[in-house]
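The next block holds one structure in the form of structure tokens; read it before the comments.
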Amino acid sequence: MLTEVVLPGQVGPEGLQLRTRPLPEPGQGQALVAVEASGVSFAEQQMRRGKYYDQPPFPFVPGYDLVGRVVSTGPGVDPALRGRRFAALTKIGGWTSHALVDAGDLVEVPEGVGAEEAETVVVNGITAWQMLHRVAKVRPGATVLVHGANGGVGSTLVQLARHAGVEVIGTASPRHHDAVRALGATPLDYRDPELPGRVRALAPGGVDAVFDHVGGEGIVDSFRLLARGGTLVSYGTAATRDIPGSSRAPVLKLLVRLVLWHWLPNGRRAHFFNLWAGRRRRAAFQARIRADLGQVLALLARGEFTAQVAARIPLSDVAEAMRLAESGTVTGKVVLVADEGARRGGEEGAR
């Protein structure tokens with residue numbers, strides 16, 4: 001049997017449900033993975049409010065990514081995968097003890113990297129790496145502004161930018177400033193009404209890139225803080241998470257702004273980052289994910305990157321995990337880990 005978390009509708013954390021059902025058999029091109037760790041991302045926080053842009057109809061199993069060991073393989077999949085640890089980007093379905101995953105979506109986790117540490121850099125690492133290197137294309141010596149520098153994506157962005165020789169200004173609440181500073185960024189209070197001026201004091205000519213997950217009206221300041229030739233990378237609408245109404249309207253409004261700004265003749269660029277862009281060309285998409293996540297996992301394995309695990313909470317305590325992730329009191333990512341019985345079962349099945 002497997003255990004999974006079901007999101008039945010727009011509910012509070014306590015409304016998440018646990019369900020058991022028989023283990024499925026992997027089909028053509030699939031592997032069955034005993035999940036060791038899955039993350040609580042901002043996407044799930046939006047989904048439980050019905051605010052994620054293209055979430056499926058309720059009920060469904062959330063879980064944007066996972067890390068675990070292959071316990072069985074279907075036709076067309078190398079049986080040598082069995083027993084090895086892999087990461088996978090799933091979008092939904094990761095909050096479970098066992099998951100069916102397309103073998104092409106599996107990215108091997110290097111030896112010596114634990115499941116929980118690897119989990120923190122699946123969706124966060126791919127997102128940060130692609131925004132930094134594929135979209136903004138920031139070079140050594142540049143200065144960037146990272147909003148929410150204490151969060152899962154933000155703390156990953158800070159570390160990857162510093163590793164690339166980039167100076168980082170990071171916004172966060174004052175309680176997180178020491179943690180942001182320890183990552184290598186200069187912290188500023190995101191609620192400070194003088195924030196634009198404080199950024200200008202640190203980067204008089206403007207910053208070379210801004211990474212903004214907040215959206216809302218604050219996106220205007222993010223664009224204005226760019227130096228000529230700079231890039232605004234928007235990747236969320238956190239400002240509207242708790243505002244009732246359409247999940248699509250805030251995104252569409254943001255997209256219109258970004259398109260207009262991108263084409264202004266002022267030497268600045270504006271993009272909305274969509275992790276799933278290009279997925280229709282499946283083989284190329286999977287290859288890009290493997291390459292980018294592979295880079296981040298290699299840094300983690302070499303000790304050049306520190307996993308920011310905010311908390312490890314059993315899958316059966318998912319309500320507590322969701323509340324903690326939404327509290328704004330942690331640095332890094334809240335990780336759901338396998339309950340003891342499921343963990344032992346996964347180890348035995350992988351033998």
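By convention here, the first residue in the shown sequence is residue 1.
For the pair V33 and V71, the minimum side-chain heavy-atom distance is 4.5 Å or more. Two residues are said to be in side-chain contact when any heavy atoms from C-beta on lie closer than 4.5 Å; Q46 and T237 meet this criterion. Between L195 and D221 the shortest side-chain heavy-atom distance does not fall below 4.5 Å. Inter-residue side-chain proximity for R21 and L2 is flagged as met; some heavy-atom pair is nearer than 4.5 Å. The shortest side-chain heavy-atom distance between D105 and T90 does not fall under the 4.5 Å cut-off. Side-chain atoms of L225 and L232, non-hydrogen and from C-beta on, never get closer than 4.5 Å to each other. Under the 4.5 Å side-chain criterion, counting only non-hydrogen atoms from C-beta, K51 is not in contact with Q10. Contact check for V101 versus L106: side-chain heavy atoms found under the 4.5 Å cut-off.
Under the 3.5 Å distance criterion, the side-chain polar atoms of T96 are matched with a main-chain donor or acceptor of T3. Although no hydrogens or angles enter the test, the distance criterion places a donor-acceptor pair under 3.5 Å between the side chain of N150 and the main chain of V330. Q159 places no side-chain N or O within donor-acceptor distance of the main-chain N or O of F305, the cut-off being under 3.5 Å. R48 contributes no side-chain N or O that, together with a main-chain N or O of E44, makes up a donor-acceptor pair within less than 3.5 Å. At distances below 3.5 Å, not a single donor-acceptor pair connects side-chain atoms of S41 with backbone N or O atoms of A43.
For the side-chain hydrogen bond (donor to acceptor under 3.5 Å, both in side chains) condition, no pair includes a residue of residues 23-34, sequence neighbours left out. Residue pairs that meet the salt bridge (Lys or Arg N to Asp or Glu O under 4.0 Å) test with at least one member in residues 144-165, sequence neighbours left out, are R162-E167. Here salt bridge (Lys or Arg N to Asp or Glu O under 4.0 Å) pairs that include residues 181-191, with residues two or more places apart or in two chains, are D178-R181, D189-R191. Sorted by first then second residue, the ring pair (Phe, Tyr, Trp, His ring centres under 6.0 Å) pairs that include residues 166-216, not counting sequence neighbours, are H213-Y235. For the side-chain hydrogen bond (donor to acceptor under 3.5 Å, both in side chains) condition, the pairs that include at least one residue of residues 263-276, sequence neighbours left out, are Y64-W276, T231-R269. Pairs engaging residues 99-136 under the ring pair (Phe, Tyr, Trp, His ring centres under 6.0 Å) rule: W129-H133 [sequence neighbours left out].
Salt bridge K253/E217: present, at least one basic N to carboxylate O contact under 4.0 Å. Of the charged side-chain nitrogens involved, at least one lies within less than 4.0 Å of a carboxylate oxygen, so that E36 and R85 count as a salt-bridged pair. Of the charged side-chain nitrogens involved, none lies within less than 4.0 Å of a carboxylate oxygen, so that D208 and R139 do not count as a salt-bridged pair.
Within a 6.0 Å radius of NZ in K91, other residues, nucleotides and ligands contribute more than 12 heavy atoms. The neighbour count for R323 CZ, taken as heavy atoms of other residues, nucleotides or ligands under 6.0 Å away, is above 12.
Between T143 and A203, the closest heavy-atom pair is CG2-CB, 4.4 Å. Residues V35 and A338 approach most closely at O-CB, 3.4 Å, considering heavy atoms. Counting all heavy atoms, side chain and backbone alike, G332 lies closest to A310 at C-CB, 3.9 Å. Nearest heavy-atom pair across V233 and A136 is CG2-CB, 4.2 Å. Across all their heavy atoms, W261 and A270 have their closest contact at CB-CB, 4.1 Å. In terms of heavy atoms, A37 sits closest to V335 at CB-CG1, 3.7 Å.
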From CA spacing to verdict: side-chain contact (heavy atoms from CB on, under 4.5 Å), T73, D78
CA-CA 7 Å; T73 55; D78 185 355; over 6 Å; no

Let's go through E4 and S97 carefully: what are the C-alpha distance in whole Å and the side-chain angles of both, what is the deciding distance for side-chain contact (heavy atoms from CB on, under 4.5 Å) to 0.1 Å, and is it a yes or a no?
CA-CA 6 Å; E4 60 191 4; S97 63; over 6 Å; no

Trace of the side-chain contact (heavy atoms from CB on, under 4.5 Å) decision for V309 with E119
CA-CA 9 Å; V309 181; E119 211 297 316; over 6 Å; no

Working for side chain to side chain donor-acceptor pair (under 3.5 Å), residues S234 and D212:
CA-CA 5 Å; S234 171; D212 189 314; 5.3 Å; no

One pair to check against side-chain contact (heavy atoms from CB on, under 4.5 Å): I126 and V296. What are the steps and the verdict?
CA-CA 8 Å; I126 298 167; V296 183; over 6 Å; no

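Judged by distance alone, the side chains of T156 and N124 never bring a donor and an acceptor atom under 3.5 Å apart.
Under the 4.5 Å side-chain heavy-atom criterion for Ile, Leu, Val, Met, Phe, Trp and Tyr, V144 and L202 are members of distinct hydrophobic clusters. Follow the hydrophobic side-chain contacts under 4.5 Å out from V214 and you never reach V135; the two are in separate clusters. The hydrophobic clustering, which links ILVMFWY residues whose side-chain heavy atoms are closer than 4.5 Å, places L275 and L297 together. F223 and F272 end up in the same hydrophobic cluster when Ile, Leu, Val, Met, Phe, Trp and Tyr side chains are linked at under 4.5 Å. There is a path of hydrophobic side-chain contacts, each under 4.5 Å, that joins V153 to L300.
Among residues two or more places apart in sequence or in another chain, the side chain to side chain donor-acceptor pair (under 3.5 Å) test is passed with D65 by K333. Partners of S173 according to the side chain to side chain donor-acceptor pair (under 3.5 Å) rule, which considers only residues two or more places apart in sequence or in another chain, do not exist here. By the side-chain contact (heavy atoms from CB on, under 4.5 Å) test, R281 pairs with A284, sequence neighbours left out. When the side chain to side chain donor-acceptor pair (under 3.5 Å) test is applied to R290, no partner is found at least two apart in sequence or on another chain. Legend: residues meeting side chain to side chain donor-acceptor pair (under 3.5 Å) with R302, ordered by chain and number and at least two apart, are E304.
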May I have the list of side-chain donor-acceptor pairs in residues 312-320 shorter than 3.5 Å, sequence neighbours left out?
from	atom 1	to	atom 2	distance (Å)
R312	NE	E116	OE1	2.2
R312	NH2	E117	OE2	2.9
S316	OG	D339	OD1	2.6

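In this structure, CG in L81 is found 4.0 Å from CZ in F86, a value given to the nearest 0.5 Å. A distance of 12.0 Å separates CD of E194 from CG of L188, quoted to the nearest 0.5 Å. Between Q130 atom CD and Q295 atom CD the span is 11.5 Å, to the nearest 0.5 Å. Here NE2 of H163 is found 11.5 Å from CG of L132. Values are rounded to the nearest 0.5 Å.
Geometrically, R248 engages Y53 in a cation-pi contact, judged by NZ or CZ lying under 6.0 Å from the ring centre and within 45° of the ring axis.
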